[in-house]
> 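Here's a structure for you.
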Amino acid sequence: MSSEICLQVFRTRVGIRPGVASLLAATVPVLGGCLPGPMSALDPAGPAALEIATLWWVMFWASAALVLLMTGLGLYAACRRPERRARVSSKLLIFGGGLALPSAAIVALLIYGIRAGHSLLAVPLDDAAYRVEVTAHQWWWEVAYPDGRGGRLYSANEVHVPAGRPVDVHLRSADVIHGFWVPRLGGKMDAIPGITNVIRLSAFEPGVYRGQCAEFCGAQHARMRLTFEAHAEEDLERRLAALAAAGPPAEATGAADFQAACGRCHAVRPGERSLEPGPNLADLAFRRELGAGTIPNEEGALERWLVAHQRLKPENRMPAFDDLDTERRASIVRYLEGGR
Ligand code: HEC
Ligand SMILES: [Cu+2]
């Protein structure tokens, strides 16, 4: 759409030839990627992302300077009459311009790049860093916080951390290789089965930062989003206390229906892990979205997910419940919503 409007403007107002106008207009959506958005790596919100954005700009300006230099030399050679050209020995051109200059430029950028890359690693292993465990599944993120008593508190698709402090995300995968990426806070890190990778992130300010699986991992790879929320310390304590206390009352009606239909894949106590992989549903009511960013968690969303999740997120690992009658479904929804 935007490119069509630009095409019109280029042709009618600026008077550029149609072929050139189409070419220019085609670049407009690409340039849109440079605008600051919730997933823009060029709008850094933490030290690691700032390092990456700075590296990007250094690379950009260094490349731009080289392109200008080479274009200038090319034009000079093409446009000046031979008898008026400066005399430079061909050896100097080949060894200076062809070897020394590119080697110096590449080595300088390499050293700068390695230094920037090193500053993103979780070294030295820092006891002051806040620790959270994230396990990637097809196609959602399991999140576990230490509960302070040797156990864990489980949640999904939202990671709550303190702002202004290093956070070590201990990354695992339960099935295939996934990529953990919160562009405004840092680089990408693979989540690989059988290996724990650690990525250190930190946010300058409290805020909500969007993340996304960055390694193609199957049909619903694009609907594997993640919310990374940085809080002031006391806010975080409140959020984690709410998680620790979340979950529907054990004896509520609907508990038996829930256990029969959903219990093997979904724990509803924050301290328990489900037998088969499925998000812990204890703090479901606090989540912003369902299905790792598939639908907003608004009024009626749970019912909508239960009826239509295989249409909303085809092939996701939760079976379609065609045999679940309306009555049982309503009782399960009431049970889960009672966990507020
Ligand atoms: C075979 C395992 C399995 C069973 C049985 C199952 N689920 Fe799921 N459920 C999943 C998986 C896996 C996901 C993650 C889907 C995704 O986002 O890709 C999920 C996601 C959900 C979500 C979205 C959670 C979130 O925060 O995104 C809800 C709500 C949910 N299930 C409710 C239920 C209910 C209610 C039942 C019983 C009627 C049920 N599930 C039965 C595996 C299961
Ligand atoms: Cu993935």
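Sequence positions, counted from 1, serve as the residue numbers for this chain. All figures in this text were calculated on a predicted structure; none of them were measured in a lab. Counting starts at 1 for both ligands and their atoms, following the listed order.
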> Out of all atoms in ligand 1, which are within 4.0 Å of some heavy atom of Asn316? Include the element for each.
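Selected atoms, number and element: 15 (C), 18 (O).
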> Classify the angle between the aromatic ring planes of Trp141 and Phe180 as parallel (below 30°), tilted (30 to 60°) or perpendicular (above 60°).
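Perpendicular: the ring planes of Trp141 and Phe180 meet at over 60°.
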> Do any N/O atoms on Arg264 end up under 3.5 angstrom from N/O atoms on ligand 1?
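No, there is no polar N/O contact under 3.5 Å.
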> Closest by any non-hydrogen atom to atom 26 (O) of ligand 1: pick that one out of Glu289, Met224, Arg287.
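Looking at heavy atoms only, Arg287 sits closest to atom 26 (O) of ligand 1.
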> For ligand 1, which part of Asn157 has a heavy atom less than 4.0 Å away: the side chain, the backbone, both, or neither?
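Looking at Asn157 and ligand 1, just side chain atoms fall under 4.0 Å.
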> Working to the nearest 0.5 Å, report the span between OH of Tyr130 and NE2 of His160.
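The distance works out to 9.5 Å.
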> Let me confirm one number: the CG-OH distance from Leu201 to Tyr209, rounded to the nearest 0.5 Å.
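So the CG of Leu201 and the OH of Tyr209 are separated by 11.5 Å.
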> Of all the non-hydrogen atoms in the protein, which one sits nearest to atom 41 (C) of ligand 1, and at what distance?
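The closest one turns out to be Phe321 CZ, 3.2 Å.
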> I want to check something: taking the side chain as every heavy atom from C-beta on, are Arg165 and Ser202 in contact at a cut-off of under 4.5 Å?
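No, their side chains stay 4.5 Å or more apart.
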> Could you tabulate the donor-acceptor pairs under 3.5 Å formed by side-chain atoms of residues 186-194, not counting sequence neighbours?
none

> If the cut-off is 2.8 Å, does any N/O/S atom of His221 fall short of it from the Cu ion (ligand 2)?
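No, outside the cut-off.
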> Quick one: ring pair (Phe, Tyr, Trp, His ring centres under 6.0 Å) pairs with a partner in residues 292-313, sequence neighbours left out?
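Listed by first then second residue: Trp305-His309.
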> By ring-ring contact (aromatic ring centres under 6.0 Å, His included), which residues pair with Tyr154, not counting sequence neighbours?
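Partners of Tyr154 by the ring-ring contact (aromatic ring centres under 6.0 Å, His included) criterion come out as none, since no residue qualifies.
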> What's the separation between atom CG in Asp283 and atom OG in Ser155, rounded to the nearest 0.5 Å?
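If we round to the nearest 0.5 Å, Asp283:CG and Ser155:OG are 3.5 Å apart.
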> Looking at the Cu ion (ligand 2), which N/O/S atom of His178 is the nearest one?
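Considering only N, O and S atoms, His178 comes nearest to the Cu ion (ligand 2) through ND1.
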> Taking it one step at a time, do Glu142 and Arg273 satisfy side-chain contact (heavy atoms from CB on, under 4.5 Å)?
CA-CA 10 Å; Glu142 181 176 35; Arg273 205 173 184 202; 2.7 Å; yes
> Under 4.0 Å, heavy-atom basis, I'd like to know which part of Val333 is in contact with ligand 1: side chain, backbone, both or neither.
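Neither; no heavy atom under 4.0 Å.
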> Can you report which non-hydrogen protein atom sits closest to atom 27 (O) of ligand 1, along with the distance?
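Answer for atom 27 (O) of ligand 1: Gly291 N, 2.6 Å.
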> May I ask you to say whether Arg210 pairs ionically with Glu289, meaning some side-chain N is under 4.0 Å from a carboxylate O?
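Looking at Glu289 together with Arg210, the answer is yes, because their closest N to O distance falls below 4.0 Å.
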> Supply the atom-to-atom distance Glu327 CD to Ile332 CD1, rounded to the nearest 0.5 angstrom.
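Reported value, rounded in 0.5 Å steps: 11.5 Å.
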> Side chain, backbone, both or neither: which part of Pro277 has a heavy atom under 4.0 Å from ligand 1?
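The answer is the backbone of Pro277.
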> I'd like to know: is the Cu ion (ligand 2) within the 2.8 Å range of an N/O/S atom from Gln138, strictly under that distance?
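For Gln138, the answer is no, given that no N, O or S atom comes within less than 2.8 Å of the Cu ion (ligand 2).
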> Supply the atom-to-atom distance Arg172 CZ to Thr196 OG1, rounded to the nearest 0.5 angstrom.
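It comes to 4.0 Å.
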> May I ask you to list the atoms of ligand 1 that are less than 4.0 angstrom from any heavy atom of Ile332?
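The atoms of ligand 1 under 4.0 Å from a heavy atom of Ile332 are 35 (C).
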> Please report which non-hydrogen protein atom sits nearest to atom 16 (C) of ligand 1, along with the residue it belongs to and the distance in Å to one decimal place.
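Checked against all protein heavy atoms, atom 16 (C) of ligand 1 sits closest to Lys313 NZ, 3.2 Å.
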> List ligand 1 atoms under 4.0 Å from Leu290, heavy atoms only on the residue side.
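Here the atoms of ligand 1 in question are 27 (O).
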> At what distance is the nearest protein heavy atom to atom 29 (C) of ligand 1, and which residue and atom is it?
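In this structure, atom 29 (C) of ligand 1 has Leu302 CD1, 3.4 Å as its nearest protein heavy atom.
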> What is the distance from atom CD of Gln138 to atom CE of Met224, rounded to the nearest 0.5 Å?
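Gln138 atom CD to Met224 atom CE measures 8.0 Å (nearest 0.5 Å).
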> Starting from atom 28 (C) of ligand 1, what is the nearest protein heavy atom, named by residue and atom, and what distance separates them?
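Going by distance alone, atom 28 (C) of ligand 1 is nearest to Trp305 NE1, 3.4 Å.
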> Using a distance threshold of 2.8 Å, what protein N/O/S atoms lie below it relative to atom 8 (Fe) of ligand 1?
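Listed by chain and number: His266 NE2, Met318 SD.
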> Going by heavy atoms in the side chains, are Trp139 and Cys217 under 4.5 Å from each other?
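Of all side-chain heavy-atom pairs linking Cys217 with Trp139, at least one is under 4.5 Å.
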